[in-house]
Undergrad: 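Take a look at this one; I'll ask things after.
So you know, we letter chains A, B, ... as the sequences are listed, proteins then strands, and number each from 1. FYI, side chains are in, hydrogens and waters are out, and symmetry mates aren't considered; it's all heavy atoms of this structure. Just so it is clear, the structure is predicted and the values come from calculations on it, not from any experiment.
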There are 2 protein chains.
Amino acid sequence: MLGDRWSLLIIRDVMLFGPRTYKQLLESHERIATNILADRLKRLIAYEIIRADPEPADKRKLNYSLTKKGIDLAPVLTEMVLWAGAHEKTENQALIRQMRRDKEGFIAGIRERWAARQS
Amino acid sequence: MLGDRWSLLIIRDVMLFGPRTYKQLLESHERIATNILADRLKRLIAYEIIRADPEPADKRKLNYSLTKKGIDLAPVLTEMVLWAGAHEKTENQALIRQMRRDKEGFIAGIRERWAARQS
DNA sequence: CATTTCACTTGCAATATGCAAGTAATCGTT
DNA sequence: AACGATTACTTGCATATTGCAAGTGAAATG
């Protein structure tokens with residue numbers, strides 16, 4: 001279900017940066033193939049981990065965002081980023097320092113920003 | 001690196017049950033193909049997540065166990081199991097209840113049993 | 001109203017996975 | 001000591017998944 005190369009990366013992006021469009025997701029993971037991204041988004045929607053809402057300001061666009069089940073992955077993703085930060089060369093040291101300084105607070109922040117958007 | 005269907009399941013097994021042999025790993029995940037298991041073990045060793053030590057009592061056998069980098073995945077795996085327990089039908093409810101009751105203690109227990117074996 | 005942009009889809013080649021049948025070393029039994 | 005069973009793989013081949021490049025149609029932009 002999450003056992004493929006891309007799903008968790010997609011979820012991580014939406015989790016960290018908020019609602020993303022197809023194009024934003026394509027460009028952020030330099031090498032994901034367009035058909036695979038389309039397929040993964042379809043599957044993640046079917047699993048109710050993400051959802052797609054039309055952007056009112058531009059009817060071509062869809063905003064992909066996390067469901068409740070999706071943000072509940074925040075602790076998993078946070079631990080993964082921390083592990084990678086400790087054991088692999090990784091960019092985004094600032095993010096990792098922030099996570100390490102206050103892990104629970106970091107996760108709570110993600111949840112709060114998500115809840116605020118659900119209004 | 002962990003972005004495939006089997007690696008995290010293999011690591012989870014070794015984490016929860018301690019050193020495992022090839023045969024035990026083959027049988028525990030009902031459907032992993034033998035060539036794929038061999039390949040994943042090779043890769044996980046190359047990444048220094050697991051290691052293989054010969055069993056003194058039976059020279060045919062190798063015991064696969066976690067390295068330091070490997071047990072550092074304990075929080076990731078624990079959060080994953082908790083997430084799956086909350087959102088998917090899953091067996092092993094007893095394990096999940098234990099993890100939920102005292103997550104930090106659960107992880108500490110894994111680390112302690114691992115450290116004891118490293119003697 | 002022609003050109004871009006966006007969110008995909010399609011076709012095909014490359015890669016990864018799964019299955020079944022080996023193989024070599026060691027073990028357990030006679 | 002000899003023989004069959006076990007263990008940890010490897011090999012060959014079919015099938016499934018992924019990646020790449022070139023579309024497509026609808027909506028925005030100039």
Undergrad: Is a salt bridge present between A:Lys59 and A:Glu55, judged by a nitrogen-to-oxygen distance below 4.0 Å?
TA: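 Here A:Lys59 does not pair with A:Glu55 in a salt bridge, since their nearest N and O are not under 4.0 Å apart.
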Undergrad: Can you measure B:Ile36 atom CD1 to D:dA16 atom P for me and round it to whole angstrom units?
TA: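 To the nearest whole Å, that distance equals 15 Å.
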Undergrad: I'd like to know whether CD of A:Glu48 has more than 12 heavy-atom contacts from other residues, nucleotides or ligands below 6.0 angstrom.
TA: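 Open: at most 12 neighbouring heavy atoms sit under 6.0 Å from CD of A:Glu48.
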Undergrad: Between B:Lys69 and A:Glu88 (salt bridge meaning N to carboxylate O under 4.0 Å), is one present in this structure?
TA: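 Yes, charged N to carboxylate O under 4.0 Å.
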Undergrad: Does A:Trp6 put a side-chain nitrogen or oxygen below 4.0 Å from OP1 or OP2 of D:dT17?
TA: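 No, because none of the side-chain N or O atoms of A:Trp6 sits under 4.0 Å from OP1 or OP2 of D:dT17.
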Undergrad: If I take atom CD1 in residue B:Ile45 and atom P in nucleotide D:dC9, what distance separates them, rounded to the nearest angstrom?
TA: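 Taking atom P of D:dC9 as the reference, CD1 of B:Ile45 is at 8 Å.
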Undergrad: State whether B:Asp72 and B:Arg111 are salt-bridged, where the test is any N-O pair (Lys NZ or Arg NE/NH1/NH2 against Asp/Glu carboxylate O) under 4.0 Å.
TA: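 A salt bridge links B:Asp72 with B:Arg111.
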Undergrad: To the nearest Å, how far apart are A:Leu37 CG and C:dC8 C1'?
TA: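 Taking CG of A:Leu37 and C1' of C:dC8, I get 10 Å after rounding.
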Undergrad: Please give, in whole Å, the distance from C:dA16 P to B:Ile32 CD1?
TA: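 Rounding to the nearest Å, CD1 of B:Ile32 and P of C:dA16 are 16 Å apart.
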Undergrad: In whole Å, what is the span from the CZ atom of A:Arg20 to the C1' atom of C:dC6?
TA: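 After rounding, the reported distance stands at 15 Å.
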Undergrad: Which listed nucleotide (D:dT18, D:dC9, C:dT17) is nearest to the side chain of B:Ala38?
TA: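 Nucleotide nearest to B:Ala38's side chain: D:dC9.
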Undergrad: Nearest whole angstrom, please: distance from the C1' of D:dA27 to the OH of A:Tyr22.
TA: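 A:Tyr22 atom OH is separated from D:dA27 atom C1' by 17 Å.
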Undergrad: Taking CG from A:Asn35 and C1' from D:dT24, how many angstroms apart are they, rounded to a whole number?
TA: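 Rounded to whole Å, this separation is 15 Å.
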Undergrad: Quick check on the hydrophobic clustering: are B:Ile110 and B:Ile107 connected, directly or via other members, by side-chain heavy-atom contacts under 4.5 Å?
TA: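 No; B:Ile107 is not reachable from B:Ile110 via cluster members.
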Undergrad: Using a heavy-atom distance cut-off of less than 4.0 Å, which residues of residues 51-67 of chain A contact DNA chain C?
TA: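 A:Arg60, A:Lys61, A:Leu62, A:Tyr64, in order of number.
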Undergrad: May I ask you to say what A:Thr21 touches in the nucleic acid, namely base, sugar-phosphate or nothing, with a heavy-atom cut-off under 4.0 Å?
TA: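 Contact class for A:Thr21: sugar-phosphate only.
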Undergrad: Need to verify one output field. Residue with the more 5' nearest nucleotide on DNA chain D, B:Lys23 or A:Arg31?
TA: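 Its nearest nucleotide lies further toward 5', so the answer is B:Lys23.
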Undergrad: Write down the distance between CZ (A:Arg43) and P (D:dA16), rounded to a whole number of angstrom.
TA: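 Atom-to-atom, A:Arg43 to D:dA16, this comes out as 16 Å.
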Undergrad: How close do A:Leu26 and A:Ile32 get, heavy atom to heavy atom, and via which atoms?
TA: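 Taking every non-hydrogen atom into account, CD2-O, 3.5 Å.
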Undergrad: Any ion pair linking A:Asp4 and A:Arg40 (charged N to carboxylate O, less than 4.0 Å)?
TA: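 Looking at A:Arg40 and A:Asp4, the cut-off is met.
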